[in-house]
Amino acid sequence: MARVNLDGNPISMQAICMIGGGGFIGSHLCEKLMAETNHKAVVVDVSSDKINHLLDMSLPWAHRIEFHQMNIKTDSRLETLIKASDLTINLAAICTPADYNTRPLDTIFSNFIDAIPVIKYCTENKKRLIHFSTCEVYGKTIGSFLPEEYRKDPKYFMLKEDVSPCIFGPVEKQRWSYACAKQMTDRLIYAEHAENGLKYTIVRPYNWIGPRMDFIPGVDGPSDGVPRVLACFSNSLLRGEPLKLVDGGESKRTFLYIKDAIDAVVLMIDNPERANGYIFNVGNPDNEVSVKQLAELMMKAYSKVASVPASSLSTLKVSSEDFYGKGYDDSDRRIPDMTIITRQLAWKPKTPLDELLDVTLQYQHQTYSRSIQRELSKPSN
């Protein structure tokens, strides 16, 4: 039976150039596209590790997925691949908070300079672009500047795609290098749309989590690296170390299951008339917790997954400067307004936080626990 879009029209096959498609989001999107659509995925990345399970030539979709190993900074093949595709999805980014302080130049180049040719090729060849931005472009919420008595009201922390201002810390707070670079890319895309007719959709993810989301230091990433919060906590749980709460873990975040997020992205792919020219928050306002609460929930879930006593798991308060280095700054709360995506794409998140943490921690334990135990059993020098 032919698939139809939200307006009841048949969905035609598209060739999708997926830049950065070998990562966390790209791997889940490729799985969905191969299993449930007839679209073709042309994946561009420096590594295929997270999609190797999809590239076996004996699989029924082998003719619909191809991988091109390349660094888009230096490879002239990129324009050819964009030109030959119907749609480009740009997922390429440095998006690990620890890097914003320690590698601000790489962060700015990755998230702004490297995106410029992609946008240019889409505009010149009249190709549609779905670009992945971030909820960090909003910077600090208005609520974080208000007196304490106002801070319990969610409306001061609600972020709206077409209304909320973008407020960043001072230049010496290099943590905002990522957000500023992403914002400039958003503005460039909008300018290309306004002046040259670029057909675009911008996606602003709010902490998408699930299997394959990030590296574990010393196992499938640098031993001195600092991944994002869920992988940081997972790493500590796997090693039997305290979960580090930066500045006490008072900041609040919302978390969205990757499978729910991918459903939203496929709706954008399949409904261009409803998605073109829009910026979409993609998050789950019902899954809001403080980082401290997240740690407590993860310890509870992991004690079940790994069959370890909850009393053996603990937290430790650390300062942001000790954890991330000088120049770190943060917003205390970010809540996505869901009005636009609900109206345009009839999408709503489904998975509650406890369920997605169970699934993710089961994956983390099954994937990493043996490697970490082998590492911990090695004699120290």
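As a basis for the values below, the full set of heavy atoms in this structure was taken, side chains included, without hydrogen atoms, waters or symmetry mates. Heads up: numbering here begins at 1 and tracks the sequence.
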Worksheet entry | Minimum heavy-atom distance between Asn284 and Pro336, given as atom pair plus value | N-CG, 4.2 Å

Worksheet item: Is a salt bridge present between Lys259 and Glu31, judged by a nitrogen-to-oxygen distance below 4.0 Å?
Response: yes

Discussion item. Over 60° means perpendicular and under 30° means parallel, so tell me whether Trp176 and Phe168 are parallel, tilted or perpendicular.
Written reply: tilted

Worksheet item: What heavy-atom pair brings Lys50 and Phe24 nearest, and what distance separates the two atoms?
Response: CD-N, 4.0 Å

Practice prompt. Using distance alone, with no hydrogens and no angle criterion, decide if Thr141 and Arg333 have a side-chain donor and acceptor under 3.5 Å apart.
Written response: no

Item to complete: For the pair Phe132 and Val265, evaluate side chain to side chain contact (heavy atoms under 4.5 Å, CB included) and give the outcome as yes or no after the intermediate values.
Response: CA-CA 10 Å; Phe132 274 69; Val265 177; 3.8 Å; yes

Worksheet item: Cut-off 3.5 Å, side chains only: do Ser110 and Asp114 have a donor facing an acceptor?
Response: no

Discussion item. Looking at Glu192 and Lys120, is any side-chain nitrogen of the basic one under 4.0 Å from a carboxylate oxygen of the acidic one?
Written reply: no

Worksheet item: Is a side-chain donor or acceptor of Tyr257 paired with a backbone partner of Leu356 at a separation under 3.5 angstrom?
Response: no

Item to complete: State whether Arg334 and Glu288 are salt-bridged, where the test is any N-O pair (Lys NZ or Arg NE/NH1/NH2 against Asp/Glu carboxylate O) under 4.0 Å.
Response: no

Item to complete: Salt-bridge test for Lys300 and Glu296: reply yes if a basic N is under 4.0 Å from a carboxylate O, no otherwise.
Response: no

Fill in: Distance-only polar pair, side chains of Ser58 and Asp56, donor-acceptor under 3.5 Å
yes

Fill in: Pair Lys317 + Asp247: basic N to acidic O under 4.0 Å
no

Discussion item. Which heavy atom of Leu6 sits nearest to which heavy atom of Leu345, and what is that distance?
Written reply: CD1-O, 3.4 Å

Item to complete: Using only heavy-atom distances, determine whether the side chains of Gln364 and Ser234 contain a donor-acceptor pair under 3.5 Å.
Response: yes

Item to complete: Salt-bridge test for Lys32 and Glu36: reply yes if a basic N is under 4.0 Å from a carboxylate O, no otherwise.
Response: yes

Discussion item. Can you tell whether the side chains of Arg175 and Glu136 come within less than 4.0 Å, N to carboxylate O?
Written reply: yes

Response to the item:
With sequence neighbours left out, the residues meeting salt bridge (charged side-chain N to carboxylate O under 4.0 Å, His left out) with Asp99 are Arg103

Practice prompt. Would you mind checking if Arg3 and Asp270 are paired as a salt bridge, meaning a charged N to carboxylate O distance below 4.0 Å?
Written response: yes

Practice prompt. Write down the atom of Ser319, the atom of Val246, and the distance for their closest heavy-atom approach.
Written response: C-CG1, 4.4 Å

Worksheet item: Under 3.5 Å, side chain of Asn287 to main-chain N/O of Leu353, donor-acceptor pair present?
Response: yes

Worksheet item: Between Lys40 and Asp86, does at least one N-O distance fall below 4.0 Å, as a salt bridge requires?
Response: no

Worksheet item: Considering residues at least two apart in sequence or located in another chain, which fulfil the salt bridge (charged side-chain N to carboxylate O under 4.0 Å, His left out) criterion with Asp162?
Response: none

Worksheet item: Do Asp186 and Arg204 sit within salt-bridge range, that is, some charged N less than 4.0 Å from a carboxylate O?
Response: yes

Worksheet item: Where do Pro309 and Ser303 come nearest, in terms of heavy atoms and distance?
Response: C-CB, 4.4 Å

Item to complete: Name all residues meeting the salt bridge (charged side-chain N to carboxylate O under 4.0 Å, His left out) criterion together with Arg228; count only those two or more places apart in sequence or in a different chain, and write none if there are none.
Response: Asp214

Worksheet item: Has the side chain of Thr185 got a donor or acceptor atom that lies under 3.5 Å from a matching backbone atom of Asn111?
Response: yes

